[in-house]
Amino acid sequence: MAGNSQRRNRRTSNKKGATVGSGGQRRRGLEGKGPTPPASARKGHKKNRLANAQARRTDSRRPAPRRGGPKGTNELVVGRNSVVEALREGVPANTLFVQQFLDNDERVREALQLATEKGLNLMEAPRPELDRMTNGLNHQGLVLQVPPYDYAHPEDLTAAAADLGEDALIVALDGITDPRNLGAVVRSVSAFGGHGVVVPERRAAGMTASAWKTSAGTAARTPVARATNMTRMLESYQKEGLLVVGLAADGDVELHELEALEGPVVIVVGSEGKGLSRLVGETCDYRVRIPMPGGAESLNAGVAAGVVLYEAARRRA
């Protein structure tokens with residue numbers, strides 16, 4: 001009898017039924033789950049796998065954000081005249097350091113006024129601190145801090161031209177070490193409707209305060225990109241359909257004969273002394289010379305770039 005009672009109890013305990021505290025799970029299980037999602041949204045379905053593959057292909061074609069290379073350190077503009085000129089030309093500074101107990105003259109007052117109007121940080125510092133910051137240069141009590149320039153990537157320049165529906169017009173500088181030449185080229189590119197300037201990452205002029213001043217403020221709207229390797233960058237542009245035109249005193253084509261300027265083109269300007277480097281010269285589709293009836297051997301890089309940019313703008317008008 002005891003064994004029969006235990007078997008009945010086991011059968012009773014195994015009997016299915018609502019569990020105390022279930023919270024109505026059975027009732028919710030009977031509720032509808034809404035309309036059936038489309039096949040492309042159902043995990044495991046063939047159409048869902050195809051849709052995911054298409055999304056991955058689209059993402060792989062979308063260019064990732066690029067950077068033009070590592071940024072440098074802050075630049076310091078020292079001296080009353082230099083600081084005032086930089087502020088007048090709109091050099092993108094962030095802090096003006098002023099020596100404590102500084103004699104107040106006209107240049108100091110103008111510097112303070114311009115810095116205040118531009119919303120710059122004003123910092124008062126003792127003379128020994130300014131001496132340390134400038135490595136003992138004659139700062140005359142005024143030091144302007146300029147943050148590192150935010151370089152574009154070379155691909156950004158062709159992308160900007162495409163967004164505007166225009167043929168790319170780009171200037172690449174090969175071996176230009178004077179920042180004033182860089183600023184002059186930036187100014188010419190802006191004046192003649194170009195889309196930007198490319199400079200090498202090493203052993204070349206960068207966008208310093210001097211370059212910014214020479215650009216007369218046009219650097220604010222004309223991007224400057226940095227290339228890790230100039231030759232590979234030019235080859236990349238060629239793959240995008242741009243013709244590479246190098247300026248050379250012994251070029252095979254005269255400027256007025258060059259029809260390539262009517263389409264997408266990158267104009268390469270070499271240094272005033274050495275001209276184009278060997279690898280860059282070999283990469284060019286055309287080597288072009290500017291006729292100079294006056295007999296000068298060469299032109300300043302900024303002037304040469306301006307002449308070619310004018311010819312390109314004239315042909316595209």
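Positions are given from 1, in the same order as the sequence printed here.
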Measuring from atom [atom1] of [X] to atom [atom2] of [Y], what distance do you get when rounded to the nearest 0.5 angstrom?
X    : Y    : atom1 : atom2 : answer
M230 : L279 : CE    : CG    : 12.0 Å
L130 : L142 : CG    : CG    : 9.0 Å
D250 : R289 : CG    : CZ    : 9.0 Å
N74  : T95  : CG    : OG1   : 8.0 Å
L76  : S82  : CG    : OG    : 12.0 Å
R132 : R127 : CZ    : CZ    : 15.0 Å

Is any NZ, NE, NH1 or NH2 atom of the basic residue among [X] and [Y] found under 4.0 Å from an Asp or Glu carboxylate oxygen of the other?
X    : Y    : result
E235 : R232 : no
E262 : R315 : yes
E311 : R314 : yes

Taking the side chain from [X] and the backbone from [Y], do they hold a donor-acceptor pair closer than 3.5 Å?
X    : Y    : result
D174 : V268 : no
Q238 : T283 : yes
H195 : I170 : no
R316 : D167 : yes
Y151 : E201 : no

Heavy-atom side-chain contact between [X] and [Y] under 4.5 Å:
X    : Y    : result
V198 : L157 : yes
L255 : L261 : yes
V78  : Q140 : no
L247 : I267 : yes

Can you tell me if [X] has over 12 outside heavy atoms packed within less than 6.0 Å of its [atom1]?
X    : atom1 : result
D103 : CG    : no
R180 : CZ    : no
E117 : CD    : yes
E259 : CD    : no

Mind listing the closest non-hydrogen atom pair of [X] and [Y] along with its distance?
X    : Y    : answer
S271 : I176 : CA-CD1, 3.7 Å
R187 : T218 : CA-OG1, 3.4 Å
L112 : T116 : O-OG1, 2.7 Å
T231 : N229 : N-OD1, 3.1 Å

Check step by step if side chain to side chain contact (heavy atoms under 4.5 Å, CB included) holds for L144 and L87.
CA-CA 9 Å; L144 186 66; L87 290 171; 4.0 Å; yes
Kindly determine whether C284 and L276 satisfy side chain to side chain contact (heavy atoms under 4.5 Å, CB included), including the steps that lead there.
CA-CA 10 Å; C284 294; L276 299 175; 4.3 Å; yes
Using the side-chain contact (heavy atoms from CB on, under 4.5 Å) definition, which of the options V245, V244, D252 pairs with Y286?
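Of V245, V244, D252, side-chain contact (heavy atoms from CB on, under 4.5 Å) with Y286 is met by V245 alone.
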Residue of the set L173, V224, T214 for which side-chain contact (heavy atoms from CB on, under 4.5 Å) holds with V185
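It is L173, the one option of L173, V224, T214 that forms the side-chain contact (heavy atoms from CB on, under 4.5 Å) with V185.
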Side chains of N300 and N181: any donor to acceptor distance under 3.5 Å?
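There is such a pair (donor and acceptor under 3.5 Å, judged by atom type) between the side chains of N181 and N300.
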